[in-house]
Amino acid sequence: MALATVVERRTGNSGWIDVVWTFGLGATGVLGALLPFGDAPLARRLLVAALALAWALRLGLHIARRTRGIAEDPRYAKLRRDWGERADAQMARMLQIQALASIPLALGIVLAAHQPAPTLGWRDLAGTLVFAVGIAGGAVADRQLRAFSRSGQGGICDRGLWAWSRHPNYFFECVLWCAYAVIAAAYPLGWIALLAPAAITFLLVRISGIPPLEEHMLAKHGAAYCAYQEKTSALVPLPRKG
């Protein structure tokens, strides 16, 4: 995240912060999964490392593609405006807090990879299936939003998964991180991996995801977004109200 601070200042585009975070966390997870300690078989360590790598590539490349088309991430831009002259120092401080908040995520990957059962079993299969649902759902949600933006219609994307949830990409991100807890839950220490989905859900729902994005959308779309909020679930895909 220190690197993210440097990149943000050099480019003037805070969108690169999330790119650096994604690839940084992915690299940390892969390295932690492959470290040869404990009794976990190599097959499981390779499996979990592959999951972490797939997540980082999918999300990191998506955010990078989006960032190339914008001048600034509106969430971070608002923070800079609010901080005024203290913006540089406050941004650096916030990104270090973000690094600390990412520890449970990396830990979840490591605990899953080093689950000591001698062979791959049903938990590994179940975790992989949960991961597949999460990464596929997130990719579909991002593709639908990108297609809507390219259509030039303007307004609010309320079709496909976005008709069921205001933030389906965040929902599937939370689902994806449950995969590591499923794999790790076979041994007592592995239950700590539940911190990974709990942490990402808290961050997205309460801190850096939904709150600033909804504030931006309300400022941009006003009453139309209020109507969308009233009809559509915030996170979990559900039938629309009314």
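Not measured: the values here are computed from a predicted model.
Within the 4.5 Å cutoff, no side-chain heavy atoms of Ser233 are placed close to those of Trp164. Annotation: side chain of Leu218 is in contact with side chain of Cys226 (closest heavy-atom distance under 4.5 Å). The closest side-chain heavy-atom distance from Val205 to Phe171 is not below 4.5 Å. Arg66 is not listed as a side-chain neighbour of Asp142, based on a closest heavy-atom distance of 4.5 Å or more. The shortest side-chain heavy-atom distance between Ile156 and Trp162 does not fall under the 4.5 Å cut-off. Counting heavy atoms from C-beta outward, Trp21 and Ile63 have side chains that stay 4.5 Å or more apart. Considering only heavy atoms from C-beta on, Arg45 stays 4.5 Å or farther from Phe37 through its side chain. Tyr76 has its side chain out of reach of Trp16: every pair of non-hydrogen atoms, C-beta onward, lies at least 4.5 Å apart.
Ile103 and Leu195 are assigned to two separate hydrophobic clusters, defined by single-linkage of ILVMFWY side chains at heavy-atom distances under 4.5 Å. Under the 4.5 Å side-chain heavy-atom criterion for ILVMFWY residues, no single connected hydrophobic cluster contains both Trp177 and Leu111. A continuous path of Ile, Leu, Val, Met, Phe, Trp and Tyr side chains, each step under 4.5 Å between heavy atoms, connects Leu235 with Ile200, placing both in one hydrophobic cluster. Note on Val20: it does not cluster hydrophobically with Val6, by side-chain heavy-atom contacts below 4.5 Å among ILVMFWY residues. Leu35 and Leu53 are members of different hydrophobic clusters when ILVMFWY side chains are connected at heavy-atom separations under 4.5 Å.
Nearest heavy-atom pair, Ala196 versus Leu105, reported as atom, atom and distance to 0.1 Å: O-CD2, 3.2 Å. The two residues Ser151 and Phe148 have their closest heavy-atom pair at OG-O, 2.5 Å. Shown here for Arg123 and Ala185, the closest heavy-atom pair between the two residues is NH1-CB, 3.8 Å. Between Gly127 and Ile183 the shortest heavy-atom distance is CA-CG1, 3.9 Å. Smallest separation of non-hydrogen atoms from Val48 and Ala33: CG1-CB, 4.4 Å. Here the closest heavy-atom approach between residue Ala141 and residue Leu161 is recorded as N-CD1, 3.8 Å.
Between the side chain of Gln153 and the backbone N or O of Gly155, no donor-acceptor pair lies under 3.5 Å. Between the side chain of Arg9 and the backbone N or O of Asp88, at least one donor-acceptor pair lies under 3.5 Å. Side chain of Asp39 to main chain of Pro118: no donor-acceptor pair is present (N/O by atom type, distance under 3.5 Å, no hydrogens or angles). Side-chain N or O atoms of Gln98 include none that pairs as donor or acceptor with a backbone N or O of Met1 at under 3.5 Å. A donor-acceptor pair is defined here as one N or O able to donate and one able to accept, closer than 3.5 Å; such a pair exists between the side chain of Arg44 and the backbone of Ala117.
Using a cutoff of 4.0 Å between basic side-chain nitrogens and carboxylate oxygens, Arg80 and Glu72 are not scored as salt-bridged.
The aromatic rings of Tyr170 and His167 sit parallel, their planes meeting at an angle under 30°, below the 60° perpendicular limit. Using cut-offs of 30° and 60° for the angle between ring planes, the Phe131 and Tyr180 rings count as perpendicular.
Rounded to the nearest 0.5 angstrom, Ile70 CD1 and Ser14 OG are separated by 7.0 Å. Residue Leu79 holds its CG atom at 9.5 Å from CD of Gln90, rounded to the nearest 0.5 Å. Put simply, CG on Asp124 and CD on Gln115 are 6.0 Å apart, with the number rounded to the nearest 0.5 Å. In this structure, Thr22 OG1 and His62 NE2 are separated by 10.0 Å, a value rounded to the nearest 0.5 Å. Atoms CD and CE, on Gln96 and Met94 in that order, are 11.0 Å from each other to the nearest 0.5 Å. How far CG of Leu238 is from OG1 of Thr232: 10.0 Å, rounded to the nearest 0.5 Å.
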Test log, rule side-chain contact (heavy atoms from CB on, under 4.5 Å), inputs Leu61 and Phe23: CA-CA 9 Å; Leu61 292 175; Phe23 285 123; 4.2 Å; yes
Derivation of the side-chain contact (heavy atoms from CB on, under 4.5 Å) call for Gln229 and Arg166: CA-CA 7 Å; Gln229 285 179 314; Arg166 302 199 300 272; 3.7 Å; yes
CA sep, side-chain torsions, deciding dist, call: Met217, Glu214, side-chain contact (heavy atoms from CB on, under 4.5 Å): CA-CA 5 Å; Met217 294 298 286; Glu214 297 250 307; 5.6 Å; no
Full working for side-chain contact (heavy atoms from CB on, under 4.5 Å) between Glu8 and Leu95: CA-CA 11 Å; Glu8 188 264 343; Leu95 295 189; 5.6 Å; no
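Enclosure of atom CZ in Arg93 is not indicated, since only 12 or fewer non-hydrogen atoms of other residues, nucleotides or ligands lie within 6.0 angstrom.
In this view, Asn169 satisfies the side-chain hydrogen bond (donor to acceptor under 3.5 Å, both in side chains) rule with no residue, not counting sequence neighbours. Taking the salt bridge (charged side-chain N to carboxylate O under 4.0 Å, His left out) definition, one finds that Arg75 meets it with Asp18, Asp73, sequence neighbours left out. Listed by chain and residue number, Ala181, Trp191 satisfy the side-chain contact (heavy atoms from CB on, under 4.5 Å) test with Leu194 (two or more places apart in sequence, or in another chain).
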